[in-house]
S.K.: 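Before anything else, here's the structure in question.
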Amino acid sequence: MEKSPRRANGNKNFEKFGQGGDGSNRLLILCLGLLNAILLIAAVVIGINCAKVKEGSLHVSHSAASQLINELNYLRSNHSDVMEAEEEAKNAFDRALRNHAELKVKIEQQKTINDDYQRQVEALLKEKMNLLSNISALEGTCGRCPSKWLLHNSSCYFFSYAESSTVKKNWPDSRADCVSRGADLTVIDNQEEQKFVSGSIENMRRGTNIWENGFWIGLTDTETEGEWVWINNVTEVEQGYWMEGESNDYGHLGEDCGVAVYSHFNPWKTRYDANCNVIKIYWICEMASN
């Protein structure tokens, strides 16, 4: 059987390669071994680096997580402190409200006490003024006249205005008041007494209306019109003390009682006549001093 020429050439080449390639095979195997070693080393290096990167990444992640956990714990702690502070502040505010309410009650109580003290002080001051007035009156009258009476020569005079600026009476009631005080309506029987009475009225008059600032005196013409008689039955003969046009029994209205006033026009002309029962004014009482 004949061999194929093509197959025969292949065999030859194979045989050549097998026969003459021992050195080349070894070199090839060596190169492949070196390449494998290099690849292994590279793989090991890459693995080590990957492990390092992973470890670093894990480390970084762990640190960040730890920091976050610490911050969370800190916030929780602060939240607890804030809640406690808020509760304490609320309690303090409630205490402040209670203290304010208690203080307000105490202030009201103190105000009431102060008002009572003020009223007491005012009452004491008023009493003091009354005592000082009485002392002054006693010193002025040397104890010879009652309180609120004025001493002149040997007589004591009571001007009703000094006791009350609002109480006014007609002539009969005024005389009755004087009698109840152990006195009678004043009798003016000389110029010195006229000056004293006129000056005293000047210090007590209210406003400028002469007619409203009059004082009843013990002078009347009830028995005989135009004949003026003092209550001690002494007939008035001095006509110069009457104001201009007085006495006139104006309108025939029964102006039968004498009134003393103060006149800045003429301090000596200080009398007019008025209706004894209708007109209500102040009055002057007189009695002998002690």
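The first residue in the sequence is number 1, and the count goes up from there.
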S.K.: Would you say CD of Gln239 has more than 12 non-hydrogen atoms from neighbouring residues, nucleotides or ligands within 6.0 angstrom?
M.R.: yes

S.K.: If we ignore angles and hydrogens, is there a donor and acceptor under 3.5 Å between the side chains of Trp228 and Ser247?
M.R.: yes

S.K.: Ignoring hydrogens and angles, state whether a donor on the side chain of Asp177 or Trp283 is under 3.5 Å from an acceptor on the partner side chain.
M.R.: yes

S.K.: Sorted by first residue and then second, give each salt bridge (Lys or Arg N to Asp or Glu O under 4.0 Å) pair with at least one member in residues 154-168; sequence neighbours left out.
M.R.: Glu163-Arg181

S.K.: Dump the intermediate steps for salt bridge (Lys or Arg N to Asp or Glu O under 4.0 Å) on Arg98 and Asp94, then the final yes or no.
M.R.: CA-CA 6 Å; Arg98 289 194 296 270; Asp94 292 339; 5.3 Å; no

S.K.: Looking at Glu238 and Arg271, is there a salt bridge between them, counting it only when a charged N and a carboxylate O are closer than 4.0 Å?
M.R.: no

S.K.: Taking Asn290 for its side chain and Cys145 for its backbone only, find out whether a donor-acceptor pair lies under 3.5 Å.
M.R.: no

S.K.: Answer with yes or no whether the hydrophobic clustering places Leu185 together with Val187; edges join I, L, V, M, F, W, Y residues whose side-chain heavy atoms lie under 4.5 Å apart.
M.R.: yes

S.K.: Is it true that Asn114 and Gln110 share a donor-acceptor pair across their side chains at a distance under 3.5 Å?
M.R.: yes

S.K.: For Tyr241 and Glu246, test the side chains for any donor-to-acceptor distance below 3.5 angstrom and give the result as yes or no.
M.R.: no

S.K.: Going by the rule side-chain contact (heavy atoms from CB on, under 4.5 Å), which residues pair with Phe93 if we only count those two or more places apart in sequence or in a different chain?
M.R.: Leu97

S.K.: What do you reckon, is NZ of Lys269 surrounded by more than 12 foreign heavy atoms closer than 6.0 Å?
M.R.: yes

S.K.: Do Met204 and Val167 sit in one hydrophobic cluster, given that two such residues count as connected whenever their side-chain heavy atoms are within less than 4.5 Å of each other, even indirectly?
M.R.: yes

S.K.: Side chains of Thr270 and Gln194 only: does a donor on one sit below 3.5 Å from an acceptor on the other?
M.R.: yes

S.K.: Testing Phe159, Tyr161, Trp216, Phe158 one by one against Tyr282 for a ring-ring contact (aromatic ring centres under 6.0 Å, His included), which residue passes?
M.R.: Tyr161

S.K.: Is any side-chain N of the basic residue among Lys111 and Asp115 closer than 4.0 Å to the acidic one's carboxylate O?
M.R.: yes

